[in-house]
Amino acid sequence: MSALRLFTGQIQVSSRTGVDITDITGQIQVSSRTGVDITDITGQLQDLVRKSDIVSGVLHATCTGSTGSLTCIEYEPGVIADLTRAVNELALPDREYEHEKAWHDGNGHSHVQAALLGPSVSIQIRSRKCVLGTWQQVVAINHDVKPRTRKIEISILGI
Amino acid sequence: MSALRLFTGQIQVSSRTGVDITDITGQIQVSSRTGVDITDITGQLQDLVRKSDIVSGVLHATCTGSTGSLTCIEYEPGVIADLTRAVNELALPDREYEHEKAWHDGNGHSHVQAALLGPSVSIQIRSRKCVLGTWQQVVAINHDVKPRTRKIEISILGI
Amino acid sequence: MSALRLFTGQIQVSSRTGVDITDITGQIQVSSRTGVDITDITGQLQDLVRKSDIVSGVLHATCTGSTGSLTCIEYEPGVIADLTRAVNELALPDREYEHEKAWHDGNGHSHVQAALLGPSVSIQIRSRKCVLGTWQQVVAINHDVKPRTRKIEISILGI
């Protein structure tokens, strides 16, 4: 935690100019169960990238809907259970929420959870694939109190 | 939470290559009250998109300033109150902070809150509009202990 | 927290069309200590931007690896200590985690912490520099229980 430290990283740069940039738009629809429900969407993103024919660039994904979110995890049953518990502790389902006093839909905690996790992630594309760690997957989370078809809007920009 | 599950999503892809990509830069300035203060900036973002003449692409927004953050919520008084409470529980204002021992500006919790929420969101643009859920708005949050003019830098890339 | 409020922000737009967009890819490798370890990578990002020769656009950074994350803070010892404490309270290291029952690698909390903070940030570029607040830096966080070389994939798109 000292302010003085040696930065031992490396930087690599490769650049390309004056080539056509391709813009790809896509949408993923995920049939989610009652929240907290965490779905691995990495395969679907890799499919989109493969179909896009983009070699290098960025994939942007955004969950449209205020009770859904996106992040990355190692998608295995242990982490899924641990993250579910942590998300439910960030905003406990059985507490009082102001949202419910007006709307009575029982999802006050869902809104808070989704806002804290955030709606969007950006993943880099190299050699026609999303660059992720070996044990890293992109996940869509449904925080709502009923099954929802979560819509994930995707844009891929690259060359 | 089982690792085995059927993915029932759909994928749609549309692509365009070899057209000019437009790069738009903009800035929003938000006069925020003492934090936690949550402002809906969706209208301002939609204005920027409309003025940009971009039909399809991505809007990137970043809060410059380490005591501000961006996320999405349903912007109604209940959720605003619930998120305010949750954010203040993530980093309690009336606790001891190391930051304050050196700087004495009373905003140690503001820095922690903003770091946990994150500075940036990416929203997709389709048919000249930001694609959001029906009940979903983009918000800028001032976590600081005094009113601040929060500056949000915007880039729009698309066609 | 009232729903009624005056929005006093300003919007500025500048646009450029029909110029070549440049796509830059880079990678930063950060030798991180045992987590929670927070490294300032702003200098490395500014270096990449300078080398890229891009005047205006967006820099996207993603931490590849499910026990690392990216965010922004004021990089000074007080905030570093405060954020470290807060992150360790979000997912306590000495609690039981389902992940560890199968994998016994002691990093169940690291996975949860990284998922809650998120893998990616987007920073705007203006006048050949990342636009950040005066006291705002981009940081890579290693949450793992051993030193890790964290890899940050970077894409810069702009003109």
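The model shown is predicted, which means the values in this text are computed figures rather than measured ones. Quick note on labels: first sequence line is chain A, next is B, and so on, each numbered from 1.
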> Should C/Arg126 and B/Ser155 be marked as a side chain to side chain contact (heavy atoms under 4.5 Å, CB included) after you check the CA-CA gap, both sets of side-chain angles, and the distance that decides it?
Replying inline: CA-CA 10 Å; C/Arg126 306 285 180 265; B/Ser155 288; 3.1 Å; yes
>> Let's go through C/Ser122 and B/Ser122 carefully: what are the C-alpha distance in whole Å and the side-chain angles of both, what is the deciding distance for side chain to side chain contact (heavy atoms under 4.5 Å, CB included) to 0.1 Å, and is it a yes or a no?
In response: CA-CA 8 Å; C/Ser122 297; B/Ser122 298; 4.0 Å; yes
> What do the steps show when you test C/Leu90 against B/Leu90 for side chain to side chain contact (heavy atoms under 4.5 Å, CB included), and what is the final call?
Replying inline: CA-CA 8 Å; C/Leu90 274 184; B/Leu90 274 183; 3.6 Å; yes
>> Test side chain to side chain contact (heavy atoms under 4.5 Å, CB included) on B/His111 and C/Trp135; report intermediate values, then the result.
In response: CA-CA 11 Å; B/His111 285 279; C/Trp135 312 106; 5.7 Å; no
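With values rounded to the nearest 0.5 angstrom, C/Leu59 atom CG is found 10.0 Å from B/Thr62 atom OG1. Distance check: C/Asp82 CG to B/His99 NE2 gives 8.0 Å after rounding to the nearest 0.5 Å. Atom OG1 in C/Thr71 sits 8.5 Å away from atom CG in B/Leu117 (nearest 0.5 Å).
Between C/Glu89 and B/Arg95, at least one side-chain N (NZ, or NE/NH1/NH2) sits under 4.0 Å from a carboxylate O, which counts as a salt bridge.
For C/Val87, the part sitting under 4.5 Å from any heavy atom of chain B is the side chain, from C-beta outward, and nothing else. Heavy atoms of B/Ile154 lying under 4.5 Å from chain C belong exclusively to its backbone. With a 4.5 angstrom heavy-atom cutoff, C/Leu83 touches chain B via backbone and side-chain atoms both. Looking at C/Leu70, there are no atoms closer than 4.5 Å to chain B (heavy atoms on both sides), in backbone or side chain. Both the backbone and the side chain of B/Ala115 come within less than 4.5 Å of a heavy atom in chain C.
There is no side-chain donor-acceptor pair under 3.5 Å between B/His60 and C/Gln124.
Using a 4.5 Å heavy-atom cutoff, the side chains of C/Val79 and B/Val112 are not in contact. Annotation: side chain of C/Gln136 is in contact with side chain of B/Pro119 (closest heavy-atom distance under 4.5 Å).
Considering only heavy-atom pairs separated by less than 4.5 Å from chain B, the leading option among C/Val58, C/Ile73, C/Val138 is C/Val58.
Heavy-atom minimum distance, C/Leu132 versus B/Thr64: C-CB, 4.1 Å.
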